[in-house]
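Step one of this worksheet: look at the structure below.
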Amino acid sequence: KRRTKITSAAAEAEFQEEDFITLEDATVVLSAQGWIKRAREIKDVAATRLRDGDTVLEVTAGSTRSSLAFFSSHGSCYTTRIHDVPPSTGYGDPVQKLFKLGDGERMLSMLSFDPRVLEVPEPDGDEPQGPFAVAITKQGLGFKFSLRGHRDPSTRAGRKYARLNEGDEIVFVG
């Protein structure tokens with residue numbers, strides 16, 4: 001006869017994707033020609049290594065577990081975790097390695113969703129809720145849109161934040 005009584009099965013440990021990401025601060029640099037890199041620290045942005053003829057478009061900081069949104073000229077928002085941006089001390093990698101961009105599509109701005117930079121709480125209704133961003137098109141149209149739908153990582157194809165007229169493109173997002 002068995003002397004040990006078995007009362008219940010052991011609970012299996014559950015893991016989230018974030019549990020496997022090292023929590024550290026990082027700085028992300030996006031260049032005007034669409035090159036992106038992550039570094040632990042950048043002391044002088046003007047001295048960062050870039051390709052010939054390229055300039056720094058955006059610099060943002062945040063935790064490696066935070067999301068990072070890229071707004072394009074075709075009205076799409078591509079979101080990824082800062083951890084997924086390749087670390088580099090060189091020029092970085094083309095943003096097309098992370099996302100599936102259309103012909104002639106280019107990145108206009110980048111935004112960190114780290115709570116120390118921008119707090120975006122969970123949506124609690126159907127109405128658009130802040131924080132908001134503003135976009136302006138080449139044909140002179142301007143509009144605002146909620147950032148709440150762009151907080152979580154997207155697919156490689158991104159999410160639309162604007163429907164554009166034929167021949168129009170976004171020139172500013174802020």
Side-chain angles (χ1 to χ4, degrees), residues 17-18 20-118 120 131 133-142 145 147 149-164 166-174:
E17 183 181 348
E18 281 189 355
F20 297 101
I21 298 174
T22 304
L23 182 61
E24 62 184 12
D25 288 336
T27 303
V28 179
V29 177
L30 174 65
S31 78
Q33 291 180 358
W35 290 76
I36 186 168
K37 63 181 173 178
R38 172 174 53 102
R40 185 171 288 182
E41 178 182 11
I42 295 179
K43 294 181 181 174
D44 184 14
V45 175
T48 192
R49 196 167 171 202
L50 297 170
R51 297 170 62 86
D52 289 337
D54 204 358
T55 59
V56 173
L57 181 66
E58 294 271 348
V59 177
T60 190
S63 160
T64 50
R65 293 184 184 174
S66 298
S67 295
L68 188 64
F70 297 87
F71 298 96
S72 80
S73 59
H74 288 187
S76 293
C77 176
Y78 302 91
T79 309
T80 187
R81 293 192 196 282
I82 292 177
H83 170 75
D84 295 331
V85 174
S88 176
T89 56
Y91 301 132
D93 289 328
V95 76
Q96 289 90 341
K97 271 186 141 178
L98 296 174
F99 310 115
K100 184 179 175 184
L101 302 181
D103 291 340
E105 188 174 12
R106 66 191 193 302
M107 295 301 168
L108 299 174
S109 68
M110 173 176 68
L111 179 67
S112 173
F113 287 109
D114 187 296
R116 297 171 290 178
V117 177
L118 178 66
V120 181
V134 174
I136 299 174
T137 71
K138 185 167 66 172
Q139 293 178 354
L141 300 173
F145 60 96
L147 293 172
H150 305 291
R151 181 188 60 206
D152 298 322
S154 67
T155 62
R156 287 181 43 96
R159 292 183 191 97
K160 284 291 200 183
Y161 66 90
R163 288 191 184 142
L164 301 171
E166 187 69 32
D168 202 4
E169 69 178 6
I170 306 288
V171 293
F172 173 80
V173 177

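As the structure is a prediction and not an experimental result, all values here were calculated from the model.
- The two residues Arg151 and Ser67 come nearest to each other via the heavy atoms O-OG, 2.9 Å.
- For the pair Tyr78/Val95, no side-chain contact is recorded, criterion being any heavy-atom separation below 4.5 Å from C-beta on.
- Remark: side-chain polar atoms of Lys138 are not paired, donor with acceptor, to backbone N or O of Val171 under 3.5 angstrom.
- Side-chain atoms of Thr64 come within 3.5 Å of backbone atoms of Thr22 as a donor-acceptor pair (strictly under, hydrogens ignored).
- Minimum heavy-atom separation, Ser73 to Leu108: CA-CD1, 3.8 Å.
- Ring geometry, Phe145 versus His150: the interplanar angle exceeds 60°, so the pair is classed perpendicular (tilted spans 30 to 60°).
- Panel note: side chain Ser154, backbone Thr79; a donor-acceptor pair is recorded below 3.5 Å.
- Annotation: Asp44, atom CG; neighbour count of heavy atoms from other residues, nucleotides and ligands within 6.0 Å is above 12.
- In this structure, Arg38 contributes its side chain and His83 its backbone to a donor-acceptor pair below 3.5 Å.
- Side chain of Lys37 to main chain of Thr27: no donor-acceptor pair is present (N/O by atom type, distance under 3.5 Å, no hydrogens or angles).
- With hydrogens and angles ignored, the 3.5 Å screen pairs a side-chain donor or acceptor of Arg156 with a backbone N or O of Lys97.
- Taking both residues in full, the closest heavy atoms of Pro153 and Arg81 are given as CG-CG, 4.2 Å, listed atom of the first, atom of the second, then distance.
- Geometrically, Arg49 engages Tyr91 in a cation-pi contact defined by less than 6.0 Å to the ring centre and at most 45° from the axis.
- Here the CD-CD distance, from Glu169 to Gln139, works out to 10.0 Å after rounding to the nearest 0.5 Å.
- Using a 4.5 Å heavy-atom threshold, the side chains of Ser112 and Leu68 count as touching.
- Side-chain contact between Met107 and Ile36 is absent, with no heavy atoms from C-beta onward closer than 4.5 Å.
- Using a 4.5 Å heavy-atom cutoff, the side chains of Val85 and Met110 are not in contact.
- A donor-acceptor distance shorter than 3.5 angstrom exists from the side chain of Asp54 to the backbone of Ala32, with no hydrogens or angles considered.
- Under a 3.5 Å cut-off, the side chain of Arg65 and the backbone N or O of Asp114 do not form any donor-acceptor pair.
- Residues Leu50 and Val56 meet the side-chain proximity criterion, which asks for heavy atoms closer than 4.5 Å.
- In this structure, OG in Ser72 is found 8.0 Å from CD1 in Ile170, a value given to the nearest 0.5 Å.
- Side-chain contact between Cys77 and Phe71 is present, with heavy atoms from C-beta onward closer than 4.5 Å.
- Here the side chains of Pro131 and Val120 are in contact, with some heavy-atom distance below 4.5 Å.
- Taking the side chain as every heavy atom from C-beta outward, Glu105 and Ser76 approach each other to under 4.5 Å.
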